[in-house]
Amino acid sequence: MTATLIDGKAFAARLRSRIADEVTALKARGIAPGLAVVLVGEDPASAVYVRSKGKMTREVGMNSYEHRLPADTAQDDLLALIDQLNNDPAVNGILVQLPLPRHMDESAVINAIAPEKDVDGFHILNVGRLATGQKAMVPCTPLGCLMLLRDHLGDLSGKNAVVIGRSNIVGKPMAQLLLRDSATVTVAHSRTQDLPGLCRQADILVAAVGRPKMVAADWVKPGAVVIDVGINRTDEGLVGDVDFDAVQPVAGAITPVPGGVGPMTIACLLANTLTATARANGLPDPQGLTP
Ligand code: GUN
């Protein structure tokens, strides 16, 4: 058997095209969605992400507002900018690129964003809303993984899901989303005992640890769906957290790196911006973009 390839790149392109149609419809009613992205400092990887986010935002017809601040910006000045964006009706979504310089308190900055404009879903209110099953802004990468899983499997109810990684950005919200879809969820991490044995019980295996090719073939139950969130820069180029060549003959379906989860993250950022715009204007949530 060889696993079906889950083509996140194609799925994300379809999603962006649908979002572009919805943006056109909103604009016809005089509503122009806008996303503000704030980058503090000159981290090269962050600069690449921010450029790419701006480009995709404009491609779907939304307004993109980019704010670049020097690495030595005082936290109060960043908070003043966030306050200005919170109060700007042209801005429906606000994203502060992480990581922030070390002199800043990441939680204080994130929690200064108006929760309804927090398109990353990192604000403590959105974290709590997701955990309690209320209407929330949901973090983009796990939302993208959920969309791929639902598209491939349909109903996730009763499936055994193992999430490797417990980050606030991916692991924890991924677990919440799977639980919300009635999967049986285990979150594994660096202290987990017999990680291979645990993973072998998973119908759905999500790897989000940032360790190149960590998930080996004998960690995977035959036929399982494997979602690889890892993007690791190595001498052999970009590789995921899953040993793709070894796992592909065992799994039922697998996301490649690149071209799997990566493109879904930005598409879901645009989806969240569209949802935030709809909510800000008293319109119903666009179909299929929220859990
Ligand atoms: N840095 C790495 N991933 C992310 C993300 O999803 N959102 C933000 N704001 N920063 C990041």
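Just so it is clear, the values below take in all heavy atoms, side chains as well, and ignore hydrogens, waters and symmetry mates. Remember, it's 1-based here, ligands and their atoms both numbered in the order they're listed.
Each of the following atoms of ligand 1 lies closer than 4.0 Å to a heavy atom of Leu95: 9 (N).
Using 4.0 Å as the threshold, Tyr49 has no heavy atom nearer than that to any atom of ligand 1.
For the residues Leu269, Asp43, Asp120, the heavy atom positioned nearest atom 5 (C) of ligand 1 is part of Asp120.
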(request) Given side chain to side chain contact (heavy atoms under 4.5 Å, CB included), test Asp181 with Leu146 step by step and report yes or no. (result) CA-CA 9 Å; Asp181 269 21; Leu146 182 75; 3.7 Å; yes
(request) Test Lys135 against Glu116 for salt bridge (charged side-chain N to carboxylate O under 4.0 Å, His left out), laying out the working first. (result) CA-CA 10 Å; Lys135 206 164 161 177; Glu116 66 277 12; over 6 Å; no
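Polar contact with ligand 1: absent for Ile169 (N/O pair, distance under 3.5 Å). Residue Leu98 has at least one N or O atom closer than 3.5 Å to an N or O atom of ligand 1. Residue contacts with ligand 1: Gln97 is placed with a nitrogen or oxygen under 3.5 Å of a nitrogen or oxygen of the ligand (distance criterion only).
Distance check: Asn86 CG to Lys117 NZ gives 6.0 Å after rounding to the nearest 0.5 Å.
The nearest protein heavy atom to atom 7 (N) of ligand 1 is closer than 4.0 Å.
A salt bridge links Arg58 and Glu66; the closest N-O separation between the charged side-chain nitrogens and carboxylate oxygens is under 4.0 Å. The pair Glu22-Lys27 does not meet the salt-bridge criterion, since no charged nitrogen lies less than 4.0 angstrom from a carboxylate oxygen.
Contacts of Thr265 with ligand 1, taken as heavy-atom pairs under 4.0 Å, are absent altogether.
Side-chain polar atoms of Thr290 and Thr275 form no donor-acceptor pair below 3.5 angstrom.
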